[in-house]
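Here the structure comes first, spelled out in structure tokens, and everything after it is commentary.
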Amino acid sequence: MARDMTASMTDSPSWLQPRSIARERDRSYVSVQATRKTYSTRSGDVQAVEQADFDVDEGDFVTLVGPSGCGKSTLMSMIGGLETPSAGRILVNGAPVTAPRRDFGYVFQDATLLPWKSVLDNVLFPIRTQKRPVASYMAEAERLLQLTGLWAFRDKRPAELSGGMRQRVAICRGLINDPQLLMMDEPFSALDAITRDDMNIALAQLWDEVRKTAIFITHSIREAVFLSDRVLVMNARPSRIVADIRVPFPRPRRAEMQETPLFNEICGFIRDKIHEGHGR
Ligand SMILES: Nc1ncnc2c1ncn2[C@@H]1O[C@H](COP(=O)(O)OP(=O)(O)O)[C@@H](O)[C@H]1O
Ligand SMILES: [Mg+2]
């Protein structure tokens with residue numbers, strides 16, 4: 001049924017953006033240009049990213065959605081300067097990424113909090129490691145913990161928190177030094193479905209307040225559409241970006257939008273794109 005729907009959409013829907021690349025790419029905040037990544041392993045070369053070409057504008061919440069193993073984390077590592085592209089180049093603010101970007105925030109599937117430190121100290125941890133004055137970040141820590149409903153838990157240890165709360169702490173920690181870009185790699189994938197729904201709503205609300213450039217990775221199509229301004233759809237091997245969607249829903253995002261025909265139409269389209277040529 002979903003397939004028939006795609007067939008009837010050959011005259012492109014307005015939310016599907018052409019895969020043409022902007023002319024003045026060096027002006028985008030992040031520009032991933034003809035980027036490939038091959039890992040050499042003992043059992044031969046692994047093509048982790050076949051070819052990636054996209055730009056991210058400042059202030060956009062952009063999600064990469066695709067099946068496991070299609071190269072999403074590798075792409076994120078290259079943008080953050082933790083891995084070097086095998087071909088192509090990546091620019092941030094017009095300059096090539098040559099070293100790990102400490103001015104970005106990172107959130108991973110595992111919250112990786114320090115178990116012996118309080119919530120507040122975990123949020124402030126990057127400030128301490130960067131030897132910045134902790135006192136001048138106290139107000140920001142409080143603001144972030146208030147926005148995520150964690151201020152009352154500031155003195156708790158991570159073991160006293162639920163999984164969803166731990167991920168919220170990790171997001172606050174990722175935001176504490178006012179990063180130019182927040183990268184989130186499947187931050188909610190280890191949570192149960194109900195907590196995950198709640199986290200999506202919490203993150204959407206937080207975004208209305210902090211409004212930062214974000215690159216978010218997930219293999220949940222609904223999560224991608226709910227959270228993002230833009231969704232880049234990746235295909236499994238050869239891993240490529242096969243669709244670029246400008247999500248037409250206004251902010252603030254409301255849970256109810258997930259029940260609308262348009263939301264489901266976009267999700268169905270993405271699902272078909274991911275599976276195109278790969279069977280199911
Ligand atoms: N350090 C590495 N060495 C060798 N192969 C890797 C390495 N990192 C990732 N890969 C391989 O590259 C492919 C893409 O991985 P990854 O970027 O983690 O995908 P995703 O995040 O989309 O699940 C996978 O086949 C994975 O096994
Ligand atoms: Mg990954």
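Whatever order the structure lists ligands and atoms in, that order sets their numbers, starting from 1.
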Ligand 1 versus T41, non-hydrogen atoms closer than 4.0 Å: side chain, backbone, both, neither? side chain
Nearest non-hydrogen protein atom, atom 14 (C) of ligand 1: G69 O, 3.4 Å
Looking only at heavy atoms, what is the nearest atom pair of V97 and G80, with distance? CG1-C, 4.3 Å
Who's the nearest protein heavy-atom neighbour of atom 19 (O) of ligand 1, and how far? G71 N, 3.2 Å
Taking the six-membered ring for Trp, are F61 and W207 parallel (under 30°), tilted (30 to 60°) or perpendicular (over 60°)? perpendicular
Does S73 bring an N, O or S atom to under 2.8 Å of the Mg ion (ligand 2)? yes
Look at the rings of W15 and F269 and say which category their plane angle falls in: under 30° parallel, 30 to 60° tilted, over 60° perpendicular. perpendicular
To the nearest 0.1 Å, how far is atom 18 (O) of ligand 1 from its closest protein heavy atom, and which atom is that? S73 CB, 3.8 Å
If we only count N/O pairs under 3.5 Å, is E83 in contact with ligand 1? no
Stepwise salt bridge (charged side-chain N to carboxylate O under 4.0 Å, His left out) check, D178 with K212: CA-CA 9 Å; D178 194 23; K212 283 198 174 294; 2.5 Å; yes
Residue, atom and distance of the protein heavy atom nearest atom 11 (C) of ligand 1 read V46 CG1, 3.8 Å
Shortest non-hydrogen separation from H219 to S68 and the atoms involved: ND1-OG, 4.0 Å
Hey, is ligand 1 close enough to T74 that some N/O pair sits below 3.5 Å? yes
Ligand 1 N/O within reach of S68 N/O, cut-off under 3.5 Å: no
Among all the protein's non-hydrogen atoms, which is closest to atom 8 (N) of ligand 1, and how far away is it? Y39 CE1, 3.3 Å
Compute whether any side-chain donor of one residue and acceptor of the other, for T112 and R173, lie under 3.5 angstrom apart. yes
Heavy atom of protein inside 4.0 Å of atom 4 (C) of ligand 1, strictly below: yes
So F108 and Y106, would you call those rings parallel, tilted or perpendicular, with 30° and 60° as cut-offs? parallel
Is there a protein heavy atom less than 4.0 Å away from atom 27 (O) of ligand 1? no
min-distance protein heavy atom vs atom 25 (O) of ligand 1 -> R237 NH2, 3.0 Å
Nearest 0.5 Å please: distance from the CZ atom of F216 over to the CE atom of M76. 10.5 Å
Please list the nearest protein heavy atom to atom 12 (O) of ligand 1 with its residue and the distance rounded to 0.1 Å. A48 CB, 3.2 Å
Correct closest heavy-atom pair for I90 and I79 would be CD1-N, 4.0 Å
